[in-house]
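Working notes, beginning with the structure itself.
Here the structure is a predicted model, which means the values were calculated and not measured. No hydrogens, no waters, no symmetry mates; every other heavy atom, side chains included, goes into these values.
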Amino acid sequence: MKHFLSIEDVTNYKALVQSALDYKAKPLKDKWLGQNKTMGMIFLNPSMRTRISTQRAARNLGMEVIVFNLDKEGWQLEFEDGAVMTGTKAEHVKEAAAVMGQYFDIIGIRTFPGLINKEEDYSEHYINQFVKYTGVPVVSLESATLHPLQSLADAVTIKELRVSKKPKVVLTWAPHIKALPQAVPNSFAQWMGNWDEVDFVITHPEGYELDKKFTSGSTIEYDQDKALKGADFVYVKNWSSYEKYGQMLNTEPAWMMTNKKLDGTNQAKVMHCLPVRRNLVIADEVLDGSQSIVIQQASNRVWAAQAVLSEILKNN
Ligand code: SN0
């Protein structure tokens, strides 16, 4: 693995999931692997779990970590080739990324989509510019369209807590008051759709179809109750429309996850990438109940990140 931008960078999916579980059992087994190596974590948007879990992971491998909130503390960056830089942007990504490549052995970067221009967001222009100019391995800390560190942690969590060989996993849309990226559901669909150890179903109101590039081969069921029948894992997440790009078509309060909705499932374990807005996306009774595994899911972010960083350290 050179970069970690999507599932396409993974050579052995099952081995990567297993590696994360091995780190969970023995966090410090490779504590010298990243000795004298420095990871830079660059944020253009807020983060809590990704930031802290990836730092923990890097430290467990003996790396030093520098976090840089580029959005708040850096020069505003220009990403367009050939731009005449007479505006507010003081530095071009060509220099900024190249310089960071001199300081860091691995660079993690978070860049959310603008949710205005579909082509621009789905071209992953920002993270790809970093890959192009930095010269060192790049790890996505959530890009415009994908969140692979989250999805790997999700796969690890499912593998760890499944009670049957091939659990039914349902991704369900939920209401929100803000237009959110499609990155988490795109990425989850991509990882579940490429895993022969789960039955994967996606449910959402009409108009919230995700990019087929990520969902091809997955079952889509518009009736939420039907989709939830017999589910072993229910992944709850809001996203804005891909078709009517970046729009909230409706807020559909009836799609919020409640105990009643879980009745028809196989005592499903409930997942969410967090942060989650209570009693809008998921009801208190679910988050405070015994079926919620969101905390364990978040704790697995460390082991997922550690598996990825160790792969990169071994291969570069
Ligand atoms: C982000 C998202 O992609 O949905 C990050 C998730 C890891 N979530 C949000 O931006 C939530 C913001 C809010 O106001 O609830």
Side-chain angles (χ1 to χ4, degrees), residues 1-34 37 39 50 53-54 56-63 105-109 124 127-128 131 136-143 145-169 171 183-200 213-218 232-233 235 271 273 296-316:
M1 189 190 294
K2 164 95 180 162
H3 304 290
F4 184 67
L5 308 175
S6 82
I7 199 170
E8 280 156 36
D9 296 306
V10 176
T11 39
N12 189 333
Y13 189 140
K14 289 178 187 173
L16 193 64
V17 171
Q18 189 53 48
S19 165
L21 289 167
D22 291 347
Y23 281 121
K24 182 165 188 168
K26 264 190 126 186
L28 299 179
K29 73 186 175 86
D30 286 327
K31 66 177 176 185
W32 306 117
L33 186 64
K37 298 265 165 80
M39 172 156 193
T50 303
S53 63
T54 308
R56 279 295 309 270
R59 296 245 164 88
N60 285 348
L61 295 167
M63 300 187 83
D105 301 286
I106 299 178
I107 290 189
I109 179 156
E124 291 285 9
I127 199 162
N128 285 335
V131 170
V136 297
V138 175
V139 174
S140 165
L141 304 175
E142 185 171 349
S143 65
T145 70
L146 293 169
H147 195 357
L149 282 177
Q150 178 68 51
S151 309
L152 174 58
D154 298 337
V156 168
T157 308
I158 289 167
K159 172 98 190 200
E160 192 178 31
L161 295 175
R162 67 181 179 177
V163 287
S164 62
K165 272 227 135 60
K166 204 169 187 194
K168 178 175 178 184
V169 177
L171 168 64
V184 170
N186 279 344
S187 196
F188 188 68
Q190 196 179 36
W191 284 68
M192 292 301 117
N194 279 287
W195 198 13
D196 59 5
E197 295 178 24
V198 292
D199 272 328
F200 184 52
K213 176 165 86 185
F214 304 117
T215 60
S216 67
S218 304
D232 297 290
F233 293 89
Y235 200 104
M271 305 175 73
C273 62
Q296 182 164 342
Q297 182 187 358
S299 79
N300 283 336
R301 295 290 309 275
V302 177
W303 322 118
Q306 198 167 339
V308 167
L309 295 179
S310 99
E311 270 281 306
I312 292 175
L313 287 168
K314 284 177 189 158
N315 286 298
N316 292 278

I'd like to know if the side chain of [X] and the backbone of [Y] have a donor-acceptor N/O pair within less than 3.5 Å.
X	Y	result
Glu124	Ser143	no
Asp9	Ser6	yes
Asn316	Met1	yes
Asn12	Ala15	yes
His3	Val138	yes
Asn60	Leu28	no

Would you say the ring centroid of Phe200 lies under 6.0 angstrom from that of Tyr235?
-> no
Just verifying a value: how many Å separate [X] [atom1] and [Y] [atom2], rounded to the nearest 0.5 Å?
X	Y	atom1	atom2	value
Tyr13	Leu152	OH	CG	8.0 Å
Thr157	Gln150	OG1	CD	8.0 Å
Leu161	Gln297	CG	CD	10.0 Å

For the pair Lys159 and Asp154, find out whether any cationic side-chain nitrogen is under 4.0 Å from an anionic carboxylate oxygen.
-> no
Lys/Arg-Asp/Glu bridge criterion (N-O < 4.0 Å) met for Glu197, Lys165 = no
Side chain proximity check, Val139 to Ile107, heavy atoms < 4.5 angstrom = no
Arg56 atom CZ: more than 12 heavy-atom contacts under 6.0 Å = no
Are there more than 12 heavy atoms of other residues, nucleotides or ligands under 6.0 Å from atom NZ of Lys31?
-> no
Between Gln18 and Asp22, a side-chain donor and acceptor under 3.5 Å = yes
Find out whether the Lys NZ or Arg CZ of Lys168 is both under 6.0 angstrom from the six-membered ring centre of Phe233 and within 45° of the ring's axis.
-> no
